[in-house]
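Below: the structure, in structure tokens.
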Amino acid sequence: MFLNLHSHYDLEPAGGRVIANVIIPCIGQEEEVLLADYAGKWVSAGIHPWYIDELNYSLQFHATVEFAGKEAVKMIGECGLDRLRGPSLDLQQRVFEDQIHLAEKLKKPVIIHCVKCFSELLMVKKKLNPTVPLVVHGFNNKADVARELIRHNFYLSFGAALLLDGSNAQKVLSLIPENRIFLETDDRDIPVEKIYEKAALLKNVSVNQLKEIIFANYQSLGNKF
């Protein structure tokens, strides 16, 4: 089956599943309403660093806690760190760490947004030493960054950057162990099958083989289909 690990759309691929991203908003939308919007779907849920409600964070986090425990929620996030957008990195780190603690409590993997903060991400990993799997989504960085993340047991999820000739994502994918990769569409309205076809070509495997690899990797997160 095709698995789209992270998408801002809830369109299921043919013969597969998508994990649709739910950003817990600024206060005003109850978790029951959010869940109703995704009835029968698989979702990830968390506080994206761009949308941290600085004035009402305690309420926002409470809503996250209430929603994240639902069976439909397969992953916590996307959450993380962004040097280019959002509130101060100190606040972003606090919010990120809170969500990692929540993931530990719920025994759910974390899907991570990281922009120009990989050294800070590794410091958080070292500080908290979480046991739940950590997945950096939309990876399109240099090989040395990828190697360091893999060395610290992160998974990497690749998206539309694989379709761009000469991208870091293309260069890195062939270097990554098969048991550490996922595929996604993120905020792009494109079929995940297209990502699989390109990734299979870059990894020199068939699409069916790649589907089996991603299936096994998803199971290694502790989630069940």
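This is a predicted model, so every value here is computed, not measured.
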Measuring from [X]:[atom1] to [Y]:[atom2], what's the distance to the nearest 0.5 Å?
| X | Y | atom1 | atom2 | value |
| --- | --- | --- | --- | --- |
| Asn141 | Lys171 | CG | NZ | 11.5 Å |
| Arg94 | Phe61 | CZ | CZ | 9.5 Å |
| Ile112 | Lys125 | CD1 | NZ | 9.5 Å |
| Leu183 | Leu3 | CG | CG | 8.5 Å |
| Lys105 | Gln99 | NZ | CD | 14.5 Å |
| Phe139 | Ser167 | CZ | OG | 11.0 Å |

Item to check | Side-chain donor-acceptor contact under 3.5 Å, Asp98 with Tyr57 | outcome: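 Per modelled atom types, Asp98 and Tyr57 side chains form a pair under 3.5 Å.
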
Checklist entry - Between His113 and Gln92, does any side-chain donor sit less than 3.5 Å from a side-chain acceptor? => result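 Result is no, nothing qualifies.
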
Item to check | Over 12 non-hydrogen atoms of neighbours within 6.0 angstrom of CG in Asn204 | outcome: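 Counting other residues, nucleotides and ligands, CG of Asn204 stays at 12 neighbours or fewer.
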
Side chains of [X] and [Y] in contact at under 4.5 Å (non-hydrogen atoms):
| X | Y | result |
| --- | --- | --- |
| Val192 | Val18 | no |
| Glu97 | Gln93 | yes |
| Leu156 | Arg180 | no |
| Leu5 | Ser157 | yes |
| Asn140 | Phe158 | no |
| Leu122 | Leu149 | yes |
| Leu134 | Asn153 | no |
| Tyr9 | Asn4 | no |

Could you report the tightest heavy-atom contact between [X] and [Y], atom names first, then the distance?
| X | Y | value |
| --- | --- | --- |
| Ala45 | Ile24 | CB-CD1, 4.4 Å |
| Leu91 | Glu54 | CD2-CG, 3.5 Å |
| Glu193 | Pro13 | OE2-CB, 3.8 Å |
| Glu178 | Asn217 | O-ND2, 2.8 Å |
| Cys79 | Val110 | SG-CG1, 3.7 Å |
| Pro87 | Pro49 | CD-O, 3.3 Å |

Checklist entry - Does Leu11 share a hydrophobic cluster with Ile190, counting links as ILVMFWY side-chain heavy atoms below 4.5 Å and allowing steps through other members? => result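 Leu11 does not cluster with Ile190.
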
Next on the checklist: Can you see whether Phe2 has Lys211 sitting over its ring - NZ or CZ less than 6.0 Å from the centre and within 45° of the normal?
Outcome noted: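 Because its charged atom sits under 6.0 Å from the ring centre and within 45° of the axis, Lys211 does stack over Phe2.
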
Next on the checklist: Tell me whether the rings of His137 and His6 are parallel (<30°), tilted (30 to 60°) or perpendicular (>60°).
Outcome noted: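 Correct class here is tilted.
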
Next on the checklist: As a test of understanding, state which of Arg188, Glu184, Glu78 forms a side-chain hydrogen bond (donor to acceptor under 3.5 Å, both in side chains) with His8.
Outcome noted: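 Output: one option passes, namely Glu78.
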
Checklist entry - Do Glu12 and Arg17 meet the salt-bridge criterion of a basic N to acidic O distance under 4.0 Å? => result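 Salt bridge: yes.
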
Checklist entry - Does the side-chain contact (heavy atoms from CB on, under 4.5 Å) test come out yes or no for Val136 and Tyr155, once each step is laid out? => result CA-CA 6 Å; Val136 176; Tyr155 294 80; over 6 Å; no

